[in-house]
Amino acid sequence: MSGKQASKGGAANKSKKPAKGGTEEKREDALQAVILADSFQDRFQPFALEKPRCLLPLVNVPVIEYTLEYLASNGVQEVFIYCGAHSEDVENYINDSDRWSPESNLCPFSSVDFIRVSDASSIGDFLRDLDKRSLISGDFILVHGDVVANIPLDGILAKHRARREANRDACMTIVLRSSGNSPHRAAKARGITPVFVVDPTNGRCLQYEEMHPLQKDKYVKLDDSVFDYGEFEMRTDLIDCGIDICTPDVLALWSESFDYELPRKNFLHGVLKDWELNGKIISAEILDEGYGARASNLQMYDCISKDMLHRWTLPYVPDSNLLHGQTYKYKRGLWIEDGAHIAKNSTVTKSVLGKTAYIDSGSTISNSVIGRRCQIGKNVRIEDSYIWDDAVIEDGATVLHSIIANDAVIGKYSYIPEGSLISYGVRISAGQELPSKPVPRISLLTSEGEPAKTDMKLVGNDGKGAQYEEPEDDEDSDSEDEGDADPAVLQSSLIYSLAGLNISRESISTLATHDSDDELSDNEYEQFQAKANRERLSSFASDDSAAAAKALDQFHGDAVHGLVDALRADDNDDFDSAKLEFMGLRLANNASDSMMRKAVAVAFATRAAELMSPENGGLEPTKAAGRALTSKKGAVKFITEVGVGGNKVDLHAEFALALQKALAAIKGIDSARAGTLLAALLQQLYNLDVLEEEGILAWWTDARAAENDSLSKIKEKSRVLVEWLENADEEDSDEESDDDEDSD
Amino acid sequence: MAPSQMSYAPTLGKLLKSLNSQPLEASIESLIYLLKRRQVKGDDIANATAHMLLQVVAKSKWQSVDQLLAKVSNTGLRLAQAAPTELVIGNVVRRVMGLIRDEATEERNADEMGDSVSDLSQLPATPTMSSRPGPTPIRAGTGLPMSKSMFNLLCVTETVSSPATGTSTPMSQGASANMHALRSEVIDGIEEIMDEISQADDQIAGFADIQIHPGDYVLAYLPSPTVERFLIKAAAKRRFTVFLASGERQKPGEAPHAALRKKLNGLGVNTISLASNGLMAYMPRVNKVVIGAKAVYANGGVSTESGCSIAARAAREYSKPVIVLSGVYKFTPADPSDDVAEFEQGDSSEFVEYADGEAVNALEVENIVAEYLPAQYVDVYLTNLGPQTRDHLATIMADHYKSEDMGLSLHLP
């Protein structure tokens, strides 16, 4: 860690002070910023193997320059940089830079500190480390090291502060850029679509989810609590700028949750979900002006480069020459640095040419960025590509929408198809035509950083390099849904495409049969459910997301097990602890009311059926029902409160239906006995005032109660009870059948 | 708004406040990046440049006039490179260099009483001595003209023997005292230039009641601050009508130039907003067109807000006078180069929403902020020295800039 206060003071003394000599009023609290220079993802492989990703050139300027410049333009005073992989490279880069070096008095920041965390494996580790260091004194800006933005933060900071003064729990403001109805390429390029649920009146963020095309269902489940707000918007059109304004509370939240890794998917999602526990308010600042985006993957890299050439990112355009020593000039769609040479009869359009790049005659270059000292031969065709410094492209070669890294050599008359990634020092020999499938990602190193064995077939006889293969274990990928394919595969290629994407084997299988895959997964899923529940929860299968439903399956299993155990227990008459456990499970899994009803019904039906079986005494159905329901203190109350959950006719009918289905699913009991047991249970519940007669009658008329043979057989046994009920009360009971599937 | 609101973003004001407390290099660097990031704009740029050159003269170490000139031109070059489209920077640098030369000459004359000095400002400052950004510009102040332009070839002998270079060679005991005196003289001179810059708009506005007559219909296209002040000053004395035209994409619910309209209306002057495509229809009614200049070239051409030349051309069709408002400090002793690079490109989002996804992908949006208005469309140049015609521009340039500095190229070497 190195500060620069000392050097600053010394330099100031040297200069002769004119008459005024006023002392600068020390700003009360200097604005602090934390740069996350590594995101622990492998979206930039194979390039990030050798160089930290924040130093990869974006329009011939290392990405982190844009972030630093952005912070400087917003008056940030103290900067903390967290580097992960290749931290020495980043530190050396900054220390050697005459603009940012903490030693240099030209640095606009009063201090630039590097923080190394030796065992960090995620952004979460960084932020928990930051919390321990207590370096942060007030509001700070948390940015990724790949942010390109020109959004002025003053106004947003002021709003954040106002919110925080109004409510101490307002701890974070996320900067989002709306991308309109017809999504711009920045929005399209994501692969993972963030879904923000926002209160449009005050910008408060209510829920955050992520969606991606590889997930098996296409739904987002809204929290029940979201509906408590008067008004909310769900937005998928927002570009996450990767700029957060945080109070130190945010770091405390990170520390509390030791397993959070990602700032969005884990942290934001988690904090919003547990809002009732932590009480924190996170706001979103949705902007319609300005530019903000993260070069977080190759597609965004492509997209931001294009935006820069179209001047959306002003003032961060090549001819602003932000980097020391840059001398770009803009002229008729071209940015040319000193000494770049374009031969007379070559055609170059909408491109950037670095210092002393040389383009020989007859070449055609469009929408491309050519680095410094690049040598482009005769009759070369380059389209939409990024050629980094010192690369050589020999005569007659064709490069389409690819990235060619430093010092790579593309031989004569070779062909580089769209989406290719040619890493440092790779050599493609003359006449070699790279295959378009799989998309070439050629590197000199393997994913473990070992020198790769040259694949002559791929790169030709004089070539160097081999196809880069993703490491097999995907530990550091951010996907935790085991069932879903990793969306990271969508982001690790330059061209976003579902159809043509075949980087890895599993993606071929999922994507090629994407539509049929959906059905398949539904079937699989239902099988899984049937196994777990011994009953079909078809209504859930269709409208919950897979992950949530899986959690619910688990909830169901655990809950039923717990309740049945409690009912079985001979030594303990108290049902309260079982109830407590049940409610805990419910909160943990965020189970819905209908889920709870099913669990309660299944538990009691199971217990009653058990009591009827010979091993347990072979009780009569009426007695079994009575014993199951009343043997434990509080069980009846529990059914009333939790199982039925209200004094409404349809809730009662639902519970009766749940009992019926539960009994139908129990094995080792024929439907006649099950029917008798149901009738007995219903009667008991009626007698105990748990179920009202209207509820039972409504169940009787419900079409779902007679869906199939076994159900109707079971139902038939209750006819006596129903008729008795009808006679007992002369009231007309022609309720309409209730079609509402999810009445909760 | 919250009472605790404070702004963090660096501004020119903050920079100027901190000038004394931080080293010169850091200040220059800050200004360079303010320019690069477009955080200093418009008329502030001249002021900022003058402030910075004042710091250079006051703070940096120099033993001779040549060294000082080199330092000033070097700083000027760096600032100009940071904002190549802002010609005022070059103007201020030239003014300051001219000032240094003058002061040095005076000192020398006072000291040595000899060496009659040819007053270089008497040289005819014709537009022919343009300073196209050539490959080898004059390294002003070193006394070694390296420009290959015709003019410089001809005047080689003269510049070599020019007094400015002469002062540097003999350095006697009294020299440091001289230098000290020179420093304070130059600082005073720069402060005068700063005053001139800051008062230019007011002085121009002082001519408002002469230019605008009662009952006039005045068209102001994209009024710059100078034009606004001019109109407000006129409104205090005259009853007339202002057409406010703007070509920008208008944000819904936001009347253009609302503040200006309010002020003018408060003074009893009617304002009418025009869309720029309806300009021609109103032209017969208009008595004069007022345009603010970003820079005035030696040939009389004007760099203006883009769109102004439409208004000027329309006025020409109807033979209405076009008045260009420009402080003398905006007069640039150079001809407009055909280099498109001199015209700043703006943010595309002013015309196409970034949210218009389809358009963003399909269109190439070029938002050129400034444009060139040829001299034949301009009738009067209203400067802080009074109204001028094109014929007098050369004289004004010659009065304000030294011939050595006119060729000063502030473009990349």
Side-chain angles (χ1 to χ4, degrees), chain A residues 8 11-12 14-18 20-24 31 69 72-77 99 105-108 152-154 157-159 161-162 165 177-185 187-188 237 288-291 307 310-312 314-315 317 319-322 327 329-333 338 350, chain B residues 1-11 14 17-26 28-30 33-39 54-55 58-61 81-84 187 339-341 344-349 352-361 363-367 411-413:
Chain A
K8 194 175 173 181
K14 261 185 272 169
S15 58
K16 281 177 196 160
K17 283 199 176 172
K20 277 195 211 162
T23 48
E24 187 195 8
L31 192 56
E69 198 61 59
S73 77
N74 281 297
V76 169
Q77 286 293 304
R99 177 148 168 77
N105 56 16
L106 302 184
C107 180
L153 283 179
D154 268 354
L157 279 166
K159 279 194 195 169
R161 225 171 287 122
E165 268 160 32
R177 171 70 164 90
S178 101
S179 67
N181 292 330
S182 51
H184 176 58
R185 53 185 165 232
K188 276 186 204 158
D237 65 329
D288 295 322
E289 276 182 335
Y291 188 90
D307 286 342
H310 285 90
R311 299 186 96 79
W312 295 104
L314 203 81
V317 290
D319 51 311
S320 291
N321 293 317
L322 290 173
T327 55
K329 274 194 191 176
Y330 179 68
K331 210 172 189 179
R332 297 185 189 88
D338 281 354
K350 203 77 190 170
Chain B
M1 284 286 154
S4 72
Q5 185 175 354
M6 52 181 160
S7 86
Y8 288 104
T11 59
K14 284 185 195 165
K17 257 193 213 162
S18 69
L19 278 179
N20 291 326
S21 61
Q22 61 177 333
L24 177 63
E25 261 310 296
I28 295 174
E29 189 80 2
S30 311
Y33 275 87
L34 283 179
L35 288 167
K36 282 187 177 180
R37 294 190 302 241
R38 315 316 199 248
Q39 283 176 325
L54 182 93
Q55 294 296 315
K59 283 188 175 177
S60 63
K61 286 185 183 140
Q81 281 174 2
I187 288 172
D339 203 345
V340 196
E344 191 188 342
Q345 291 258 321
D347 194 346
S348 308
S349 65
V352 178
E353 283 271 3
Y354 187 69
D356 296 342
E358 304 297 322
V360 171
N361 289 331
L363 292 180
E364 204 140 294
V365 188
E366 298 235 325
N367 172 16
H411 287 277
L412 304 172

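Atoms considered below: every heavy atom in the structure, side chains included; atoms not considered: hydrogens, waters and symmetry mates. Numbers restart at 1 for each chain; the letters A, B, ... are given by sequence-line order, proteins then strands. Everything quoted here is computed from the prediction, not taken from an experiment.
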Chemist: Would a distance-only check, ignoring hydrogens and angles, find a side-chain to backbone donor-acceptor pair under 3.5 Å from B/Lys59 to B/Pro23?
Modeler: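 No, because the side chain of B/Lys59 does not come within donor-acceptor range (under 3.5 Å) of the backbone of B/Pro23.
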Chemist: Are A/Leu314 and B/Arg38 packed together at the side-chain level, in the sense that at least one heavy-atom pair is separated by less than 4.5 angstrom?
Modeler: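 Yes. Closest side-chain heavy atoms under 4.5 Å.
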Chemist: Give, as side chain, backbone, both or neither, the part of B/Gln39 having an atom under 4.5 angstrom from any heavy atom of chain A.
Modeler: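 Contact with chain A is through the side chain of B/Gln39 alone.
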Chemist: Which of the residues A/Ser320, A/Pro315, A/Ser73, A/Pro152 is involved in the greatest number of heavy-atom pairs with chain B at under 4.5 angstrom?
Modeler: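 That would be A/Ser73.
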Chemist: Heavy-atom pairs under 4.5 Å with chain A are the metric here; pick the option from B/Ala26, B/Ala82, B/Pro10 that has the most.
Modeler: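 Ranked by heavy-atom pairs under 4.5 Å with chain A, first place is B/Pro10.
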Chemist: Does either side chain, that of A/Asp237 or that of A/Ser178, offer a donor lying less than 3.5 Å from an acceptor on the other one?
Modeler: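 No donor-acceptor contact under 3.5 Å links the two side chains.
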Chemist: Is the shortest side-chain heavy-atom distance between B/Leu19 and B/Leu54 below 4.5 Å?
Modeler: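 With C-beta onward as the side chain, the pair stays apart.
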